[in-house]
Amino acid sequence: EDWRERGAAVGSRQETDASGQTQTRLVKKGVKDFNFGRTLGEGSYSTVLAATDRQTLKEYAIKVLDKRHIIKEKKVKYVNIERDTLNRLTEHPGIVRLYYTFQDERSLYFVLDLASGGELLGVLKRMGSFDVECTRFYGAEILDSVAYMHSRGIIHRDLKPENVLLDREMHVKITDFGTAKILADPQRHGSGSQEAPGDLTDGVETDRAVSFVGTAEYVSPELLRDKNACKASDLWAFGCIIYQLLAGRPPFKAANEYLTFQKILALEYTFPDGFPELARDLVERLLVLEPANRLPVEHIRNHRFFEGVQWGKSLWRQKSPRLK
Ligand code: ATP
């Protein structure tokens, strides 16, 4: 379906049937089915609005994208990647869910989970830094979400506290999949075996990325060195986030992007006084230049920093800790 040539307000919807299978069903949802409310934020090509389904009264965030602007700025590929990745990531509480997409003459509409707690970055800025308990909780929810997307063959490539949203109960909802990479075959991936050749269809890449994506402070050394991102690149960013939650600032930060890249490539960072010992050990095993030597997800879960965490469903049912 090429929305560049269509104008009708027809949408599709993700549904989970009685057997637990997720199905995409065509339903006629459109602009008229929602009451639009306050503006939640603005992106370069989009406005995100709070909205309520007139029928069910359920609240959503609707991302409205301007078609002409996207085409003019050559961002069609990224919009499609965002839609395609979110459509693959519908079974995890830690990822913003895409419920419907539709369009009219002017705009594309993505109907998403409402993350009314805002960005983790905003919360962190208000607090200055987190204590160990909060860092362990938010770290665990981010890791659980990253493990899920990796298991579905998706690398985020731009993990950072701005892209970690929080819902009303202050649980994690990861967003911004416009620069994600869809691995050619999620089944095959992870065992380090074959790669499909070349660049496949739109938005689907093999395990080699082609260009710089991401944010300077969280970008991995392999991306800078070899223009190659892999699952472990998300774990580098995860290490940067753990550091930042406790220290109040990211490990690699300089006056400009070039100098930040120099620091990353030289692994030039230090821990502030009083940085917790177990967290330091974890960060040191994640901020490792060679991606193959970075601690894999399974070992991160078992690291002593995360001791006592109930992984899986109960993590998401738990009451989130009071911020301090
Ligand atoms: P850019 O496109 O420039 O990279 P962006 O990725 O932040 O910016 P959007 O995804 O359109 O652009 O988001 C704009 C703002 O809306 C964000 O800063 C975020 O705080 C807010 N926002 C996005 N999605 C949601 C959501 N599901 N719930 C609540 N707020 C959201």
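Whatever order the structure lists ligands and atoms in, that order sets their numbers, starting from 1.
Taking the ring axis of F305 as reference, the NZ or CZ atom of R136 stays within 45° of it and closer than 6.0 Å to the ring centre. With F102 as the aromatic partner, K29 does not meet the cation-pi criteria of under 6.0 angstrom to the ring centre and within 45 degrees of the ring axis.
For an aromatic pair to be called close, the ring centres must be under 6.0 Å apart, and W311 with F306 satisfies this. In this structure, F137 has its ring center closer than 6.0 angstrom to the ring center of H171.
Ion pairing between a basic and an acidic side chain is recognised when a charged N comes within 4.0 Å of a carboxylate O; E73 and K75 show no such pairing.
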Would you mind writing out a table of all protein N or O atoms found under 3.5 Å from any N or O atom of ligand 1, naming both atoms and giving the distance to 0.1 Å?
unit_1, atom_1, unit_2, atom_2, d
ligand 1, 2 (O), S44, N, 3.4
ligand 1, 3 (O), S44, N, 3.0
ligand 1, 3 (O), S44, OG, 2.4
ligand 1, 6 (O), D176, OD2, 3.3
ligand 1, 10 (O), K63, NZ, 2.8
ligand 1, 11 (O), S46, OG, 2.5
ligand 1, 18 (O), E119, OE2, 2.9
ligand 1, 20 (O), E119, OE2, 3.0
ligand 1, 27 (N), D113, O, 2.8
ligand 1, 28 (N), A115, N, 3.0

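Remark: the D167 side chain and the S116 side chain contain no N/O donor-acceptor pair separated by less than 3.5 Å.
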